[in-house]
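Please read the structure below before turning to the comments.
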Amino acid sequence: MCRHHFGEDDGAAMDVSQAREVLPTNVKPVHYDLTLEPDFDKFTYEGKVVIDLDVAEDTSSISLNTNELKIHSTTVSSGKQVISSSPDVSYNEDTQTTKVSFKDTIPAGSKATLTQTFTGTLNDNMAGFYRSSFKAEDGSTTYMATTQMEPTDARRAFPCFDEPALKSEFTITLIADKKMTCLSNMDVSSEKEVDSAITGGKRKAVTFNKTPLMSTYLLAFVVGELNCIETSSFRVPVRVYAPKDRDIEHGRFSLELAAKTLDFYEKKFDSKFPLPKMDMIAIPDFSAGAMENWGLVTYRVVDLLIDEKVSSAATKQRVAETVQHELAHQWFGNLVTMDFWDGLWLNEGFATWMSWYSCNVFYPDWKVWEGYVTDNLASALSLDSLRSSHPIEVPVKRADEINQIFDAISYSKGSCVLRMISKYLGEDTFMEGIRRYLKKHAYGNTQTGDLWAALSDVSGKDVEKVMDIWTKRVGFPVVTVTEDPSANSIHVKQNRFLRTADVKPEEDQTLFPVFLGLRTSEGVDEELALLSREADFKIKDMDFFKLNADHSGLYRTSYSPERLRKLGVAAKNGLLTVEDRAGMIADAGALAASGYQKTSGILSLLDSFKSEPAFVVWQEITSRISVLRSAWMFEEEAVRGALKQFQLDLTKDKAHELGWKFKDSDGHIEQQFKGMMFGSAGVAKDEAIVKAAFDMFNKFKSGNSSAIHPNLRGSVYAIALSNGGKEEYEVVLDQALHAKTSDERNTALRALGRAKSPELIQRTLALSLSDDVKGQDIYLPISALRTHPEGIDALWNWVKENWGELERRLPPSLSMLSSVVSITTSSFTHDEQRKAIEDFFAKKSTKGFDKALAQSCDAIRAKAAWIKRDSEDVKDWLKDHGYLQ
Ligand code: BES
Ligand code: ZN
């Protein structure tokens, strides 16, 4: 191996600390005493906060964060002395700060107290202290109050120093009607009867024990009429709460899993869960999937509650993943916290990695690591192949910027970087490093370097040296392999990979430390690394070799067509793992889409995988054909038909071999496999499957609620809607509105867009903004419209016509506007279409979704170039194989 230095400074790495917009450091909060009383008639709440401060510098003003709060009174005191009971209070909307100025100076080294009373809005934007609703048995709407603080909405709930590094202790009191359950991060310390400031009558005041030192974004308060189940199988009580309209028994799976997972994590992290209880609650209106508030994790209903009788295997896996992800944060994120939002990946990358790690322990038969390649690795490489991607550590300061980095880079690329280093160091050493990091920084804040330092300490390797570039620079390389059989060696060279295939020299300066993971007949060499632009490596037996064993590295590998064919044979001969096979197809597909190889090559490769036995590899095969078909979405009908026929030929034998009958003995993977192949061959119009789908659908329609197996439900709806008409639409719509569980309703909502007639398209669009669909679910009905050109065009017209309303309903400080923009623009494939999108937004503020928009446009550019390049190549291949005249 050659030793070159790498990562010479080309000026592209950023100094993240410079861009921060932070509060002045003259005071530091140490304790908050916060009282809140919601008013469910006016949808407001009355609040009082008493903040104890350490004064670090001579102080005559205090700045803290507030947002849309009406402040009634402010008092500043120091010791027993009131410094000012009517200080000057001014507001800066841009930085969301309130500045309290007074005449006297509080000297450095002393203590001060800031007291404010205020009124806030129990808003319906799912941010801060907000309202959520459900229907009671008698049909009336019942409200609850709940919170979502991350990233910067604690300041919407109460005046606070709203930065992750300003950890403090909190004593919370909630005042509510006696029938309400009040929850917060801690357990209850006292409950008293008080006179309500709102009703004038009696209410209860529930005070919770003081929290440990923690960040504001992890606070949570809930007031509502709730049911609860509890287990004592963990050291401290674990509970699941849900609104009264739900069957609380649907929380049983998550409850048991949470108790087991907490126990597992305590041992793995060698660190006791520090809180006196763990509550998890389903919230009917929730913007994300779940939120890791310390001791009180909030969830979207479908991510916590599950009725195993009516839900698919995939849904169950998603629930398990979500629970284990949020519980991993209780240590990684909550106990040890990134010092600012540019370190978000530490939180999200680790929790993602850890949820896979623990799912693998609890459900070994799910083989989740195999699926990692088609899930996190695929989304990381997909987003990071765009010019408009960003480094894992990216400077962010404003709320609308911070929200936009909760993306595939922080989650998926972040977790891939950890997977890479864990393989390089070995998982046990990696975990030892994690324990060291948690111990050293408990109740504190960290930067990425602190994690690398802990891993270096335990491994004796210079981890920062090999990892720094992966988090500080955007993108990843394509590694091109050329062979010299006479010298028994391969030559490997790295270059920046862009999906648009138009890398400029200045964009190709970063040299990534690439772990080559060389697989030969002798096993895998995990140590081998490419630390320079290019190098030669000896291989004993050139008959069989493959780079990036198990695809634990973040790069694409480009082989010669001849080598790719040999790898296809090696796959059949059992020399490659599932990850290798899926990853190899993914690489070949991505390289074809971006012009490094010909598309005909990937078509032949897919064709040669017909006898593949593994589910995950088929996931990759079907996703590759979908990617191709969606790029060809607006091309000639004949070619599109031929591609569909190819999909059918590719999938039908497997689909028929597996069948679509389910037995109790079917494993978790088998269930998903059957469902997926049925769907893929079915939407490509396999006759027997279409007929079977309609049989099930019609039985279901006439009242047999179990006629469609949960693993087939989405596909059966899709087939019925794309081949049927209004009658089928009514059936699915009825399910979308009235099915018993949220999961069943979502499956139906998600399918509606498959219907193609202009009238039904308009109904689907109208539905998404109607009162029948909650704001949290807007993306569901519109998503499937992207499966046909009529839908894509209609979506875009709808966005243009309803832009004002969308902006109003989905404020840019939240992430939903971003998803809607991405869903409604990214499916186009031609440059004129892209220009129309750019023109529309040219005159508008793109605050809150500028990243999503740029990524959509880049994705369209890439597809347009792909079609231009390979349209003839694809046609020729289809002709040669009898799919096209
Ligand atoms: N911390 C996030 C929740 C979040 C997301 C807060 C975006 C603010 C903005 C939470 O830990 C999370 O990552 N939730 C995921 C679920 C998980 C299984 C990937 C989610 O919401 O999808
Ligand atoms: Zn998370």
Side-chain angles (χ1 to χ4, degrees), residues 125-128 130 146-156 162 164 215-220 254 257-258 261 280 282-283 285-294 296-304 306 314-338 341 343-359 368 371-372 375-376 379-380 396 399-416 418 746 776-777 779-780 810-819 848-849 851-852:
N125 289 327
M126 299 177 274
Y130 71 93
T146 183
T147 51
Q148 172 59 42
M149 308 302 201
E150 191 183 16
T152 56
D153 285 315
R155 64 188 68 170
R156 211 184 265 280
D162 198 12
S215 306
T216 47
Y217 81 91
L218 292 166
L219 287 168
S254 295
L257 178 60
T261 304
M280 311 201 291
I283 308 287
D285 302 83
F286 198 78
S287 72
M291 175 64 212
E292 69 266 26
N293 316 300
W294 219 359
L296 176 52
V297 179
T298 43
Y299 292 82
R300 194 177 266 250
V301 172
V302 283
D303 286 320
L304 180 67
I306 181 165
T315 302
K316 185 171 171 180
Q317 190 167 330
R318 161 77 189 179
V319 169
E321 177 200 336
T322 309
V323 169
Q324 299 196 313
H325 175 112
E326 304 313 332
L327 295 184
H329 278 312
Q330 305 301 304
W331 284 262
F332 219 104
N334 301 8
L335 181 62
V336 179
T337 313
M338 73 263 150
W341 296 106
L344 176 70
W345 88 277
L346 282 170
N347 267 9
E348 300 305 346
F350 183 82
T352 301
W353 183 86
M354 194 66 201
S355 70
W356 250 261
Y357 182 90
S358 64
C359 247
V368 291
Y372 189 91
D375 189 320
N376 283 307
S379 24
V396 283
D400 55 283
E401 292 171 349
I402 296 168
N403 260 302
Q404 291 192 73
I405 62 167
F406 285 83
D407 65 0
I409 297 301
S410 301
Y411 283 76
S412 296
K413 190 180 184 188
S415 68
C416 286
L418 295 174
N746 283 3
Q776 66 164 15
D777 295 326
Y779 71 98
L780 289 170
L810 312 171
S813 60
L814 305 176
S815 53
M816 282 176 305
L817 191 58
S818 213
S819 352
F849 62 87
K851 279 210 162 79

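By convention here, the first residue in the shown sequence is residue 1. For ligands, and for the atoms within them, numbers begin at 1 and follow the listed sequence.
Near ligand 1, heavy-atom contacts under 4.0 Å come from Gln148, Glu150, Ala288, Gly289, Ala290, Met291, Glu292, Arg318, Glu321, Thr322, His325, Glu326, His329, Glu348, Phe406, Tyr411.
Evaluation of the side chain to side chain donor-acceptor pair (under 3.5 Å) rule for Asp777 yields Arg300 as partners, not counting sequence neighbours. By the side-chain contact (heavy atoms from CB on, under 4.5 Å) test, Met291 is found to be paired with Gln148, Glu150, Tyr217, Leu218, Phe286, Asn293, Thr298, residues two or more places apart in sequence or in another chain being considered. Residues that satisfy the side-chain contact (heavy atoms from CB on, under 4.5 Å) test with Gln404, not counting sequence neighbours, are Ser818, Asp850, Lys851.
The atom of Glu348 nearest to the Zn ion (ligand 2) is OE1, with the search restricted to N, O or S atoms.
Computed with the Zn ion (ligand 2) at the centre, the His325 NE2 to His329 NE2 angle is 100°, stated to 10 degrees.
With hydrogens and angles left out, the side-chain atoms of Ser358 and Gln324 include a donor and acceptor closer than 3.5 Å. Side chains of Tyr372 and Ser415: a donor-acceptor N/O pair is present below 3.5 angstrom, by distance only.
Using cut-offs of 30° and 60° on the angle between ring planes, the pair His325 and His329 is perpendicular.
The distance from the OG1 atom of Thr146 to the CE atom of Met126 is 12.0 Å, given to the nearest 0.5 Å.
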